[in-house]
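Structure record follows, encoded as structure tokens.
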2 protein chains.
Amino acid sequence: MGQAKPTPDAKPAIDVFQAIADPSRRKLLEMLGDEEMPVTTISSHFSMSRTAVSKHLRILTDAGLLTERKVGRETRYRLEPAPLQELKRWLAYYDRFWDNKMLALQRYVESSDDHEE
Amino acid sequence: MGQAKPTPDAKPAIDVFQAIADPSRRKLLEMLGDEEMPVTTISSHFSMSRTAVSKHLRILTDAGLLTERKVGRETRYRLEPAPLQELKRWLAYYDRFWDNKMLALQRYVESSDDHEE
DNA sequence: CCGATGTGAAACCTTAAGGTTTCATAATTT
DNA sequence: AAATTATGAAACCTTAAGGTTTCACATCGG
């Protein structure tokens with residue numbers, strides 16, 4: 001299971017792919033894009049406990065996807081989109097496969113020396 | 001934990017976000033982009049057991065990210081990029097946050113009526 | 001027909017992920 | 001100062017995720 005690689009003293013930081021895997025966390029990102037919000041307000045939009053939401057917020061923050069800001073007794077969270085760039089780069093690699101024409105040609109070329117056995 | 005929504009008789013299919021969350025699976029997708037490969041060949045690139053790789057292949061297939069094709073006694077897998085479009089669409093929503101100028105303006109507007117408490 | 005190959009299914013194990021409840025602490029109000 | 005509000009930390013529970021090993025089967029090569 002855990003693929004967390006402690007790496008002696010480096011960032012045990014959470015992987016972006018892992019962070020966005022959970023639907024609740026995706027919802028959080030969506031909610032916090034337009035405006036900063038304190039935990040209680042945020043959790044009022046979920047059916048799970050405030051504490052659970054708080055944990056998700058921590059995970060997202062550790063992944064660099066949210067920023068925390070203390071204002072009085074409350075902690076406000078807001079979207080920090082930067083880490084999503086990594087996802088975008090990862091996806092970009094697959095762009096070439098989306099062009100069906102190129103894909104068809106590619107398969108044709110491959111099949112020329114190895115047709116079907 | 002399980003966020004699987006059975007939905008009476010629809011696709012219990014695996015969520016793409018979940019499917020790509022595991023690094024081994026991302027490696028599999030990368031390997032199977034250019035050419036179709038049978039399980040044994042694929043698993044030779046991993047340190048885990050062939051059976052474990054086989055399970056990852058199933059998960060990716062269920063997520064629609066791989067296609068299976070039986071050829072004799074072997075099963076060959078190949079990348080099926082289509083489902084990645086969903087990810088791309090999801091990411092596209094966040095594009096507006098990447099333009100720092102717009103972000104700065106947006107924050108300025110917001111702060112006009114609620115400055116800092 | 002027989003032994004070697006290629007795979008998937010089952011049963012099981014360990015651990016982390018997602019939740020909950022309870023408790024402690026700090027800032028706000030009255 | 002006392003009561004209230006906002007949160008995070010701890011301790012715990014349940015279950016699914018990622019692995020392993022063992023077993024059954026189908027296909028291939030002789």
Side-chain angles (χ1 to χ4, degrees), chain A residues 1-7 12-29 32 36-63 65-78 116-117, chain B residues 1-6 12-29 31-32 36-63 65-78 116-117:
Chain A
M1 207 178 306
Q3 42 69 249
K5 203 195 310 176
T7 315
I14 289 167
D15 177 65
V16 175
F17 290 89
Q18 179 112 348
I20 65 165
D22 185 277
S24 298
R25 288 199 286 268
R26 289 201 294 279
K27 186 179 170 189
L28 282 170
L29 293 180
L32 299 168
E36 175 185 80
M37 276 193 274
V39 182
T40 303
T41 305
I42 297 172
S43 75
S44 70
H45 295 291
F46 290 81
S47 55
M48 67 183 106
S49 74
R50 175 189 53 75
T51 312
V53 171
S54 198
K55 279 198 198 173
H56 282 305
L57 290 169
R58 172 128 322 289
I59 290 174
L60 289 170
T61 303
D62 287 350
L65 288 164
L66 292 181
T67 54
E68 277 182 314
R69 183 171 75 104
K70 291 278 275 184
V71 174
R73 61 184 158 190
E74 53 186 35
T75 306
R76 300 188 187 167
Y77 291 87
R78 170 191 277 273
E116 181 72 17
E117 341 317 48
Chain B
M1 207 180 306
Q3 44 70 255
K5 202 197 309 178
I14 290 167
D15 178 64
V16 175
F17 290 89
Q18 179 113 345
I20 65 165
D22 185 277
S24 299
R25 289 199 285 267
R26 289 200 294 278
K27 186 179 169 189
L28 281 169
L29 293 180
M31 283 182 54
L32 299 169
E36 176 184 78
M37 278 193 273
V39 181
T40 303
T41 304
I42 297 172
S43 74
S44 70
H45 296 292
F46 290 81
S47 55
M48 67 182 107
S49 73
R50 174 189 55 75
T51 312
V53 171
S54 198
K55 278 197 198 173
H56 281 306
L57 291 170
R58 171 128 321 289
I59 290 174
L60 289 170
T61 303
D62 287 351
L65 286 164
L66 292 181
T67 55
E68 277 182 314
R69 183 170 75 104
K70 292 279 273 183
V71 174
R73 60 185 157 187
E74 52 186 37
T75 306
R76 301 189 187 167
Y77 291 85
R78 170 190 278 274
E116 181 69 18
E117 319 346 30

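Proteins get letters first, then strands, A, B, ... in listed order; numbering begins at 1 in each. Keep in mind that the numbers below use all heavy atoms, side chains included, and drop hydrogens, waters and symmetry copies.
- When rounded to the nearest whole Å, the span between CD1 of B:Ile14 and P of D:dA16 equals 13 Å.
- Separating the CZ atom of B:Arg76 from the P atom of C:dG6 is a distance of 12 Å, rounded to the nearest angstrom.
- Remark: the backbone N or O of B:Ala21 is paired with a side-chain donor or acceptor of B:Arg26 at under 3.5 angstrom.
- Comparing C:dT20, D:dT7, D:dG19 by their closest approach to the side chain of A:Ala52 singles out C:dT20.
- In this structure a side-chain-to-backbone donor-acceptor pair under 3.5 Å is missing from B:Arg76 to B:Glu36.
- The A:Arg58 side chain lies nearest to D:dA9 when the options are D:dA9, C:dG8, C:dT20.
- Atom-to-atom distance recorded for B:Leu32:CG and B:Tyr77:OH is 10.0 Å, nearest 0.5 angstrom.
- Counting only heavy atoms from C-beta on, A:Arg73 has its side chain closest to D:dT5 among D:dT5, D:dC28, D:dT7.
- No hydrogens or angles were tested; on distance alone, nothing pairs the side chain of A:Lys55 with the base of D:dG8 as donor and acceptor under 3.5 Å.
- Distances shorter than 4.0 Å separate some side-chain N or O of A:Ser54 from OP1 or OP2 on D:dG8.
- At least one side-chain nitrogen or oxygen of B:Gln18 sits closer than 4.0 Å to the OP1 or OP2 atom of D:dA17.
- Inter-residue side-chain proximity for A:Leu29 and A:Leu66 is flagged as met; some heavy-atom pair is nearer than 4.5 Å.
- Within the structure, every side-chain polar atom (N or O) of A:His56 is placed at least 4.0 Å from both OP1 and OP2 of C:dA17.
- With rounding to whole Å, B:Met48 atom CE is found 4 Å from D:dG19 atom P.
- Distance, A:Lys70 NZ to C:dA26 P: 10 Å, rounded to whole Å.
- Each of B:Ile59 and A:Val39 was matched to the nucleotide of DNA chain D holding its nearest heavy atom; the match closer to the 5' end belongs to A:Val39.
- Contact check, A:Thr51 against C:dT21: no side-chain N or O comes under 4.0 Å of OP1 or OP2.
- The side chain of A:Arg25 has C:dG18 as its nearest neighbour among C:dG18, D:dG8, D:dT20.
- Annotation: the span from A:Gln18 atom CD to A:Asp15 atom CG amounts to 6.0 Å, rounded to 0.5 Å.
- Residue B:Tyr77 places none of its side-chain N or O atoms closer than 4.0 Å to OP1 or OP2 of C:dT7.
- Residue B:Phe46 is out of contact with every strand shown, counting any heavy-atom pair closer than 4.0 Å.
- Between the B:Ser54 side chain and the B:Arg50 main chain, no donor and acceptor come within less than 3.5 Å of each other.
- Comparing D:dT21, C:dT7, C:dT21 against the side chain of B:Thr75 picks out C:dT7 as the nearest.
- In this structure, A:Glu74 atom CD and D:dT5 atom C1' are separated by 10 Å, rounded to whole Å.
- Atom NZ in A:Lys27 sits about 16 Å away from atom C1' in C:dG18, given to the nearest Å.
- The distance from atom CZ of A:Arg50 to atom P of C:dC23 is 15 Å, rounded to the nearest whole Å.
- At whole-Å resolution of the value, CG in B:Asp62 and P in D:dG18 are 13 Å apart.
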